[in-house]
> 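Following this message is one structure expressed as structure tokens.
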Protein chains: 2
Amino acid sequence: MKIVCIGSGNVATHIAQAFTIAGASIVQVWSKQIQHAALLANTVDAAAITDPGAIDQSADLYIIAVKDDAILEMVQALKSVKGLVVHTSGSTPIEVLSPLSSYGVLYPLQTFSKVKELDFKKIPLCIEAKDHDTLEALKNIASRLSPLVYIVNSDKRKILHLAAVFACNFVNHLYTLSEQILKDNALDFDMLRPLIMETAEKVQAELPGHVQTGPAVRKDEQTIERHLGLLQAMPQTKEIYQTLSESIKKTHQ
Amino acid sequence: MKIVCIGSGNVATHIAQAFTIAGASIVQVWSKQIQHAALLANTVDAAAITDPGAIDQSADLYIIAVKDDAILEMVQALKSVKGLVVHTSGSTPIEVLSPLSSYGVLYPLQTFSKVKELDFKKIPLCIEAKDHDTLEALKNIASRLSPLVYIVNSDKRKILHLAAVFACNFVNHLYTLSEQILKDNALDFDMLRPLIMETAEKVQAELPGHVQTGPAVRKDEQTIERHLGLLQAMPQTKEIYQTLSESIKKTHQ
């Protein structure tokens, strides 16, 4: 299988490397900046290109892994290819690809960073395609990367992406706020790391709604008041404490 | 070492079992309800008691692991013992133990549930004591359970407990909100579990402030508006989305 990778960011890097490990051949990596394209291209033995006109027209699969608002531009550049074109965006509907002859979506529900390796076999892949035959073909392709392949339409994919913002982006921000609280008091973030792991591990077997702990679910108003007092100098963090505590009380009343 | 365990909840259970594994002997487990005391006492080969007057006066260590507002009452019951008395509470100052002859605090910075086993050797133990000699003794005792022993006074322990509410209790509530969003749309929480693990694993080596991702840190207002639209029917969850997005923007401006 010959693949062209459009993009060279975190998602592009992890997908291109996973396909290479799975035995596929990345022939080209496109990026606006040649250094970026080259960086990824070198790791997967592909050619680095920056001119959309230079894209190989005979590949089997084109993976668009660029910022959401750059997808449309790449669709224009791929108008005449015959191979399957997929985008990897959680929040972009499949319709953006409708000018193409064969298309679908391959959305990996995971957070990627260039510095950290990932086992692609543990990543849920959400797929959608133009028609039934294309979906079957995409299902086969996705299965080469991970056994966790889910068929998810654009409306449900939007919901998944929204849920992921809560479970990943907002969660990381709460880690950041706890980091700030510790730092302001000369305490080391290392002390919280085991707690963070255990909190995530706990919901791998349980539903989070069943394992809520802490002052808000216990309706321990004394502790809540003491905590709000400690946050006097951090009004925004205090507001988050109040909003989340109210929401916990309502959810578990 | 002879230990009396005051309390039979999650913290009491994990600490008593960890001390047993470390070779200490739990002689008694006290609880208001005999069934609760017996449940833990049976697993560590101790006697179950409910009468504070029946507490063994000759133990080396008394561990108070009851609800915060029940600590004072237990202090009264332990007034005449000569052994070291510790409480395990994050938010209770050491002064509550001052009527006793030898006292300290042993606060395990972790979330405990009865159903899930834990490796105590990975739990940070925050200790504080009446005086220097007692602190040295408590340090030796704590080191039998975990190499991660930190000396933390009552003011800093309060701060740690506050940070833990953000990194654990509030994080679990965000998991719960994502669970609700998925459930309302007939999507399986299983799909988010790998993302939740990876988000926690990422900050084991990095600081969370350095690895923030998502629409708010990208200032991607279009996606934020679409997400708020999807949350129309969940006003409280929508408010949390807005408050956290604002805080992310401010933190990373």
Side-chain angles (χ1 to χ4, degrees), chain A residues 91 109-111 113 116 122-124 150 156 158-160 162-179 181-182 185 187 189 191-200 202-204 207-209 211-214 223 226-227 230 236 239-240 243-244 247-248 250-251, chain B residues 91 109-111 113 116 122-124 150 156 158-160 162-179 181-182 185 187 189 191-200 202-204 207-209 211-214 223 226-227 230 236 239-240 243-244 247-248 250-251:
Chain A
S91 56
L109 187 44
Q110 190 48 284
T111 175
S113 57
K116 194 168 173 308
K122 290 181 182 165
I123 299 177
Y150 295 88
K156 296 224 167 178
K158 262 190 266 177
I159 297 290
L160 270 179
L162 171 64
V165 168
F166 280 85
C168 169
N169 307 146
F170 289 166
V171 160
N172 188 74
H173 186 57
L174 292 184
Y175 298 158
T176 304
L177 295 178
S178 69
E179 179 197 342
I181 292 168
L182 294 186
N185 292 277
L187 284 159
F189 185 66
M191 297 179 78
L192 276 186
R193 286 186 161 122
L195 178 64
I196 284 172
M197 276 312 293
E198 178 65 17
T199 304
K202 228 179 196 175
V203 298
Q204 298 303 304
L207 285 174
V211 295
Q212 184 66 49
T213 55
T223 301
R226 270 202 304 261
H227 283 171
L230 292 170
Q236 197 156 23
E239 189 194 338
I240 290 170
T243 308
L244 288 173
S247 177
I248 291 173
K250 257 206 175 147
T251 304
Chain B
S91 55
L109 187 43
Q110 188 49 282
T111 175
S113 56
K116 194 169 171 306
K122 292 181 180 161
I123 299 178
Y150 296 88
K156 295 223 168 176
K158 262 191 265 177
I159 296 290
L160 270 179
L162 171 64
V165 168
F166 280 86
C168 169
N169 307 146
F170 288 168
V171 160
N172 187 74
H173 186 57
L174 293 184
Y175 298 159
T176 304
L177 295 179
S178 69
E179 179 198 340
I181 292 168
L182 294 186
N185 291 276
L187 285 159
F189 185 67
M191 297 179 77
L192 276 185
R193 287 187 161 118
L195 178 66
I196 285 172
M197 277 312 293
E198 179 65 17
T199 303
K202 229 180 195 174
V203 299
Q204 298 304 304
L207 285 175
V211 295
Q212 184 65 50
T213 55
T223 301
R226 270 202 303 260
H227 283 170
L230 292 171
Q236 196 156 23
E239 190 194 338
I240 290 170
T243 308
L244 287 172
S247 176
I248 291 173
K250 259 206 174 146
T251 304

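Values below: all heavy atoms of this structure, side chains included; hydrogens, waters and symmetry mates excluded. Throughout, protein chains are lettered first and strands after them, A, B, ... in sequence-line order, and every chain is numbered starting at 1. All of these numbers come straight from a predicted model, not from anything done at the bench.
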> Under a 4.5 Å heavy-atom cut-off, does chain B meet the side chain of T213(A), its backbone, both or neither?
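For T213(A), the contact with chain B is made by backbone and side chain together.
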> Apply side chain to side chain contact (heavy atoms under 4.5 Å, CB included) to residues V165(A) and L244(B) and explain how you reach the verdict.
CA-CA 10 Å; V165(A) 168; L244(B) 287 172; over 6 Å; no
> Could you tell me which of A164(A), G214(A), A200(A), S91(A) has the largest number of non-hydrogen atom pairs under 4.5 Å with chain B?
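Option with the greatest count: A200(A).
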> Between L174(B) and I240(B), is there a side-chain heavy-atom distance shorter than 4.5 Å?
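Yes; the side chains approach each other to less than 4.5 Å.
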> Answer with side chain, backbone, both or neither: which region of L187(B) has an atom nearer than 4.5 Å to a non-hydrogen atom of chain A?
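It is the side chain, since no backbone atom gets that close.
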> Given that the side chain runs from C-beta out, which part of L177(B) has a heavy atom under 4.5 Å from chain A: side chain, backbone, both or neither?
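The side chain, not the backbone.
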> For K202(A), is it the side chain, the backbone, both, or neither that has a heavy atom closer than 4.5 Å to a heavy atom of chain B?
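Backbone plus side chain of K202(A), per the 4.5 Å heavy-atom cut-off to chain B.
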> To the nearest 0.5 angstrom, please state how far the CD1 atom of I159(A) sits from the OG atom of S178(B).
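Answer for the CD1-OG pair, I159(A) versus S178(B), is 12.5 Å.
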> CE of M197(B) to SG of C168(A): how many Å apart, nearest 0.5 Å?
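It is 13.0 Å, given to the nearest 0.5 Å.
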> Which atoms of Y150(B) come close to chain A, meaning under 4.5 Å heavy atom to heavy atom: side chain ones, backbone ones, both, or neither?
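Interface part for Y150(B): side chain.
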> Among L182(A), I123(A), N185(A), T223(A), who wins on heavy-atom pairs under 4.5 Å with chain B?
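Among the listed options, the one with the most contacts to chain B is N185(A).
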> Considering only heavy atoms and a distance below 4.5 Å, find which of Q204(B), H227(B), K116(B), Q236(B) pairs most often with chain A.
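The residue among Q204(B), H227(B), K116(B), Q236(B) with the greatest pair count is Q204(B).
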> For Y175(A), is it the side chain, the backbone, both or neither that has a heavy atom under 4.5 Å from a heavy atom of chain B?
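Both parts, backbone and side chain.
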> For K156(A), is it the side chain, the backbone, both or neither that has a heavy atom under 4.5 Å from a heavy atom of chain B?
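Both the backbone and the side chain of K156(A) come within 4.5 Å of chain B.
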> Under 4.5 Å from any heavy atom of chain A, what part of Q110(B) do you find: side chain, backbone, both or neither?
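Both backbone and side chain.
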> Is it the side chain or the backbone of Q212(B) that comes within 4.5 Å of chain A heavy atoms, both, or neither?
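It is both, since atoms from each part get that close.
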> As an exercise: rank K122(B), E239(B), M191(B), R226(B) by heavy-atom pairs under 4.5 Å with chain A and give me the winner.
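The candidate making the most pairs under 4.5 Å is M191(B).
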> For F170(A), which atoms come within 4.5 Å of any heavy atom of chain B: side chain, backbone, both, or neither?
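F170(A) touches chain B through backbone and side-chain heavy atoms alike.
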> Report which part of V171(B) has an atom under 4.5 Å of a heavy atom belonging to chain A: side chain, backbone, both, or neither.
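Its backbone and side chain both get close to chain A.
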> Nearest 0.5 Å, please: how far is CD1 in I196(B) from OG1 in T111(A)?
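Answer for the OG1-CD1 pair, T111(A) versus I196(B), is 12.5 Å.
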> Chain A heavy atoms under 4.5 Å from K158(B): which part of the residue, side chain, backbone, both or neither?
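Its backbone and side chain both get close to chain A.
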> If you count heavy-atom pairs under 4.5 Å with chain A, which of L109(B), T243(B), I248(B) comes out on top?
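Among the listed options, the one with the most contacts to chain A is I248(B).
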> For S247(B), is it the side chain, the backbone, both, or neither that has a heavy atom closer than 4.5 Å to a heavy atom of chain A?
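Its backbone and side chain both get close to chain A.
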> Answer with side chain, backbone, both or neither: which region of L207(A) has an atom nearer than 4.5 Å to a non-hydrogen atom of chain B?
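Both parts, heavy atoms under 4.5 Å.
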> Closest heavy-atom contact between L192(B) and A167(A)?
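Closest heavy-atom pair between L192(B) and A167(A): CD1-CB, 4.1 Å.
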> Taking every non-hydrogen pair under 4.5 Å, which of L230(A), T176(A), L195(A) racks up the most with chain B?
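Among the listed options, the one with the most contacts to chain B is L195(A).
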> Is V203(A) close to chain B through its backbone or its side chain, or both, or neither, when contacts mean heavy atoms under 4.5 Å?
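It is both, since atoms from each part get that close.
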